[in-house]
2 protein chains.
Amino acid sequence: MAKETKISMAVIRRLPKYHRYLAELLTNDIDRISSKELSERIGFTASQIRQDLNCFGDFGQQGYGYNVRDLYNEIGKILGLDKNYKTIIVGAGNIGQAVANYSKFEKLGFHLQAIFDKNPKLVGIRIRDIEVKDVDCLNSYLAQNPTDIGIICVPKEHAQMVADIMVKHGIKGIWNFAPTDIKVPDDVIVENVHLSESLMTLSYRLNESNLFNE
Amino acid sequence: MAKETKISMAVIRRLPKYHRYLAELLTNDIDRISSKELSERIGFTASQIRQDLNCFGDFGQQGYGYNVRDLYNEIGKILGLDKNYKTIIVGAGNIGQAVANYSKFEKLGFHLQAIFDKNPKLVGIRIRDIEVKDVDCLNSYLAQNPTDIGIICVPKEHAQMVADIMVKHGIKGIWNFAPTDIKVPDDVIVENVHLSESLMTLSYRLNESNLFNE
DNA sequence: ATATTTTTGTGCATATTATAACATATTTAT
DNA sequence: ATAAATATGTTATAATATGCACAAAAATAT
């Protein structure tokens with residue numbers, strides 16, 4: 001039976017990976033899988049897989065394993081992929097445009113409604129049939145158009161200001177690409193994508209072996 | 001004194017954040033900081049900060065704290081930011097272009113040498129003064145131009161093939177934006193940026209509160 | 001000069017996370 | 001039908017990671 005305890009972030013961050021591997025199994029017409037076999041593909045221990053899944057329900061069957069389609073659907077539901085989110089992007093520079101054009105986006109239920117920028121050269125251009133609006137219109141836009149998700153792709157200097165406007169208008173989830181930590185109330189979720197941190201980690205690991213042994 | 005034990009990934013992933021906050025202190029002309037004060041800014045406990053830093057050396061002084069510039073430089077060195085890496089990007093689509101134009105890139109020592117794509121519409125265009133080459137030239141390019149880092153920005157179907165070519169030519173670090181796990185030998189470091197996983201995590205957390213309590 | 005305050009580095013306790021072990025249920029083979 | 005094999009859910013154990021507490025050192029105040 002599903003546990004009622006708080007799920008740890010470690011577990012949550014593994015869920016998308018389960019979802020991805022299950023999708024792959026589906027495309028290969030594999031309709032059942034054991035934790036052991038999934039373990040060999042995904043690289044987690046079978047025990048961890050079973051324990052992770054058991055946080056949410058008894059999806060498997062002893063002696064059989066897991067039904068791939070059912071489990072895929074269940075995890076999709078757990079991840080909220082059956083929901084739809086009205087989404088905006090603020091910042092139409094390189095990253096903003098890449099995110100806007102990111103096709104997987106809509107499949108996950110994130111529906112891009114508007115894009116904002118303050119650069120006059122970008123205001124007016126169309127990205128995926130959406131005309132970039134001046135960021136001065138952000139406040140009035142949000143006042144008139146209830147929005148679920150805000151994506152921040154502006155330079156770090158403006159990130160907090162943009163976040164404040166989003167929060168003011170009831171946005172409950174922020175996907176933050178600005179290389180800074182933004183402050184929001186407890187009921188607002190911020191998911192950061194800090195590219196430079198990722199790159200620094202790569203840099204560290206490249207040098208790791210020779211750090212002490214020379 | 002610095003410990004010789006293996007540093008955990010948890011610690012490593014916090015280092016860039018220390019680096020970022022110290023940079024901010026520097027721009028504000030703050031030249032010393034205690035673990036307690038840094039703790040209040042960065043949101044980790046003071047104890048954790050001291051313990052993290054002590055993995056690498058005794059950078060602080062009792063009764064004084066840490067010298068901001070020294071610590072910033074030390075962490076930079078630990079992260080390998082004083083090194084230079086010859087870098088290529090394979091895949092000049094939205095993400096590839098965004099990464100290529102990502103300015104912080106060069107500052108961290110990653111020098112973009114070449115960009116490849118297989119789309120004839122992209123081959124030949126210039127991104128940051130670098131002409132996009134046909135991906136068919138990747139093999140011969142790498143044979144002639146020793147390269148440290150490969151950035152994979154191709155669709156998932158081609159990611160493993162690109163990675164194999166990179167590995168064959170001695171690339172030791174891969175920054176992977178393709179939404180798949182690539183297999184490489186043990187001595188090659190892969191750092192993944194899985195945007196859809198990040199987005200799914202955001203989606204989960206948005207729904208988390210109502211999962212069980214309704 | 002001395003006392004007080006600050007603050008580190010580190011040992012220890014606690015909490016969290018991951019793995020192993022196993023009883024139980026189901027499937028498959030004979 | 002019965003036995004053997006498979007594979008879950010769950011409990012027990014091990015491994016990691018975090019936080020607390022304090023002696024020792026340096027800075028600051030008196």
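Lettering follows sequence order; numbering is per chain, from 1.
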Between the protein and nucleotides 13-16 of chain C, are there any N/O to N/O pairs under 3.5 Å, and if so, what are the atom names and distances?
none

Give every pair of a protein N or O atom and an N or O atom of nucleotides 21-25 of chain C that lie under 3.5 Å apart, one pair per line with the distance.
unit_1, atom_1, unit_2, atom_2, d
dA21(C), N6, Arg50(A), NH2, 3.3
dT24(C), O2, Gln62(A), NE2, 2.7
dA25(C), O4', Gln62(A), OE1, 2.4

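Residues from residues 14-32 of chain A placing a heavy atom under 4.0 Å of any atom in DNA chain C, listed by number, are Arg14(A), Arg32(A). Proximity of residues 37-45 of chain A to DNA chain C (heavy atom under 4.0 angstrom from any strand atom) is restricted to Thr45(A).
Annotation: side chain to side chain contact (heavy atoms under 4.5 Å, CB included) contacts of Asn67(B) (sequence neighbours excluded): Tyr64(B), Arg69(B), Asp70(B). Not counting sequence neighbours, the partners of Asn176(A) by the side chain to side chain donor-acceptor pair (under 3.5 Å) test are Asn192(A). Gln62(A) is linked by a side chain to side chain contact (heavy atoms under 4.5 Å, CB included) to nothing, counting only residues two or more places apart in sequence or in another chain. Under the side chain to side chain contact (heavy atoms under 4.5 Å, CB included) criterion, Pro146(B) pairs with no residue, sequence neighbours left out. Take Arg41(B) and apply the side chain to side chain donor-acceptor pair (under 3.5 Å) test, not counting sequence neighbours, and it matches no residue. Partners of Tyr66(B) according to the ring-ring contact (aromatic ring centres under 6.0 Å, His included) rule, which considers only residues two or more places apart in sequence or in another chain, do not exist here. Checked against side chain to side chain contact (heavy atoms under 4.5 Å, CB included), Ile42(B) has the following partners two or more places apart in sequence or in another chain: Lys17(B), Tyr18(B), Tyr21(B), Phe44(B), Ile49(B).
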N/O donor to acceptor pairs below 3.5 angstrom from side-chain atoms of residues 150-172 of chain B, sequence neighbours left out:
unit_1, atom_1, unit_2, atom_2, d
Gln160(B), OE1, Lys183(B), N, 2.8
Gln160(B), NE2, Asp164(B), OD1, 2.8
Gln160(B), NE2, Lys183(B), O, 3.0
Lys168(B), NZ, Asn139(B), OD1, 3.1
His169(B), NE2, Asn139(B), O, 3.4
His169(B), NE2, Asn139(B), OD1, 2.5

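Comparing atom distances between the Gln51(A) side chain and each of dA27(D), dT18(D), dA18(C) picks out dA18(C) as nearest. Checking dC12(C), dA18(C), dT10(D) against every side-chain atom of Gln48(A), the shortest atom distance belongs to dA18(C).
With hydrogens and angles ignored, the 3.5 Å screen pairs no side-chain donor or acceptor of Asp117(B) with any backbone N or O of Leu122(B).
Put simply, Asn54(B) has no side-chain N or O that comes within less than 4.0 Å of OP1 or OP2 on dT8(C).
As a whole-Å value, the separation of Asp58(B) CG from dG9(C) P is 5 Å.
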CA sep, side-chain torsions, deciding dist, call: Phe105(B), Ser196(A), side-chain contact (heavy atoms from CB on, under 4.5 Å):
CA-CA 8 Å; Phe105(B) 205 85; Ser196(A) 58; over 6 Å; no

